[in-house]
Amino acid sequence: MGIVTVKPQSCVPVRTTSAERAVMPEQVKNKCAIVVSEELPAGLAANAAAVLSITLGHRVDGLVGADVKDADGVAHPGIVGLPIPILNAAREKIATIVQAAVEEGELFFVSFTSLAQSCRTYDEYTEKMSVTSTAGLDTIGVGLHGPPKRVNRLVGALPLLR
């Protein structure tokens with residue numbers, strides 16, 4: 001597996017303007033994609049995709065749409081306003097995607113590691129991360145958000161998770 005060094009300042013959330021949020025999802029300007037390791041069993045792949053999705057929804061302003069009402073006037077929480085394909089690749093390819101996202105600079109990304117997936121609580125995660133070097137992390141998934149051409153260049157040839 002390749003070693004990836006991620007500079008903390010490269011993981012800056014992309015912020016959309018209020019004008020962009022007003023037109024979402026009809027005129028979505030960016031694209032999302034999630035890639036999980038093909039070596040993961042179905043349950044762990046689903047878990048990795050869920051964690052990455054929640055993090056993207058939390059960190060990217062405007063990704064989750066406004067609440068909506070149905071015909072009876074019952075309010076329903078907003079959902080993501082654009083498709084998020086869940087793709088799969090070998091861990092080495094995921095490491096390459098993360099490194100390319102670091103170098104790209106225009107993409108927001110979040111990586112997910114086997115260390116994170118092994119933890120039962122956030123306290124356990126923060127404790128283990130504090131004593132693990134970046135080079136010691138095994139990336140098993142990545143979530144991307146940014147200009148469609150840039151996201152496609154990194155993941156466009158990858159198969160959907162099945």
Side-chain angles (χ1 to χ4, degrees), residues 6 8-38 40-89 94 97-98 100-102 104-130 137 139-162:
V6 179
Q9 66 271 20
S10 67
C11 296
V12 176
V14 173
R15 299 294 179 188
T16 55
T17 66
S18 58
E20 287 172 322
R21 285 191 298 277
V23 297
M24 289 183 150
E26 295 81 22
Q27 299 175 359
V28 175
K29 305 278 191 255
N30 288 310
K31 180 174 183 168
C32 285
I34 291 175
V35 185
V36 295
S37 172
E38 63 190 12
L40 293 174
L44 293 179
N47 171 261
V51 170
L52 291 165
S53 296
I54 289 169
T55 304
L56 284 170
H58 176 73
R59 298 290 300 267
V60 178
D61 284 347
L63 192 57
V64 176
D67 293 353
V68 298
K69 290 185 179 181
D70 62 25
D72 297 322
V74 176
H76 301 270
I79 61 172
V80 175
L82 68 159
I84 303 179
I86 310 297
L87 311 168
N88 69 354
I94 295 170
I97 292 167
V98 170
V102 168
E104 178 67 41
E106 287 190 53
L107 295 174
F108 170 73
F109 70 95
V110 57
S111 60
F112 188 62
T113 64
S114 57
L115 181 148
Q117 195 163 56
S118 73
C119 296
R120 298 222 181 255
T121 67
Y122 201 77
D123 286 341
E124 178 185 1
Y125 170 64
T126 58
E127 182 179 313
K128 286 184 176 181
M129 283 294 286
S130 72
L137 296 173
T139 302
I140 58 172
V142 63
L144 303 165
H145 178 268
K149 286 184 181 181
R150 301 218 189 314
V151 173
N152 288 340
R153 187 167 47 83
L154 296 179
V155 301
L158 297 178
L160 286 171
L161 176 66
R162 299 203 182 268

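We use all heavy atoms of the structure for the numbers below, so side chains are in, but hydrogens, waters and symmetry mates are not.
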Give every donor-acceptor pair under 3.5 Å between a side-chain atom in residues 44-54 and any protein atom, sequence neighbours left out.
unit_1: Asn47; atom_1: OD1; unit_2: Gln117; atom_2: NE2; d: 3.0
unit_1: Ser53; atom_1: OG; unit_2: Ala49; atom_2: O; d: 2.8

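Glu127 is linked by a side chain to side chain donor-acceptor pair (under 3.5 Å) to nothing, counting only residues two or more places apart in sequence or in another chain. Every residue two or more places apart in sequence or in another chain was checked for a side chain to side chain donor-acceptor pair (under 3.5 Å) with Glu38, and none qualifies.
Atom CG of Asn30 is separated from atom CG of Leu63 by 9.0 Å, given to the nearest 0.5 angstrom. The distance from atom CG of Leu87 to atom CG of Leu161, rounded to the nearest 0.5 Å, is 8.5 Å. A distance of 10.5 Å separates NZ of Lys31 from CG of Leu154, quoted to the nearest 0.5 Å. Summarising the geometry, atom CD1 belonging to Ile34 is positioned 13.0 Å from atom CG belonging to Leu158; distances are rounded to the nearest 0.5 Å. To the nearest 0.5 Å, atoms CD1 (Ile140) and OG (Ser111) are separated by 10.0 Å. Once rounded to the nearest 0.5 Å, the distance linking CD of Glu104 with CD1 of Ile97 reads 13.0 Å.
Side-chain atoms of Asn88 do not come within 3.5 Å of backbone N or O of Ser37 as any donor-acceptor pair.
Heavy atoms only, all atoms of each residue included: Val60 and His145 are closest at CG1-CE1, 3.4 Å. Smallest separation of non-hydrogen atoms from Cys32 and Ile84: CB-CG1, 3.8 Å. Of all non-hydrogen atoms in Cys119 and Lys128, the two that sit nearest each other are SG-CD, 3.8 Å. Between Val64 and Gly78, the shortest heavy-atom contact is CG1-O, 3.5 Å.
Residues Val98 and Phe109 meet the side-chain proximity criterion, which asks for heavy atoms closer than 4.5 Å. At least one side-chain heavy atom of Met129 sits less than 4.5 Å from a side-chain heavy atom of Leu137. Counting only heavy atoms from C-beta outward, the side chains of Arg59 and Phe108 approach each other to under 4.5 Å. Within the 4.5 Å cutoff, the side chain of Val142 has no heavy atoms near those of the Val110 side chain.
If you check the side chains of His76 and Asp70, you find a donor sitting under 3.5 Å from an acceptor.
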Checklist line | CA sep, side-chain torsions, deciding dist, call: Tyr125, Leu115, side chain to side chain contact (heavy atoms under 4.5 Å, CB included) | finding: CA-CA 7 Å; Tyr125 170 64; Leu115 181 148; 3.7 Å; yes

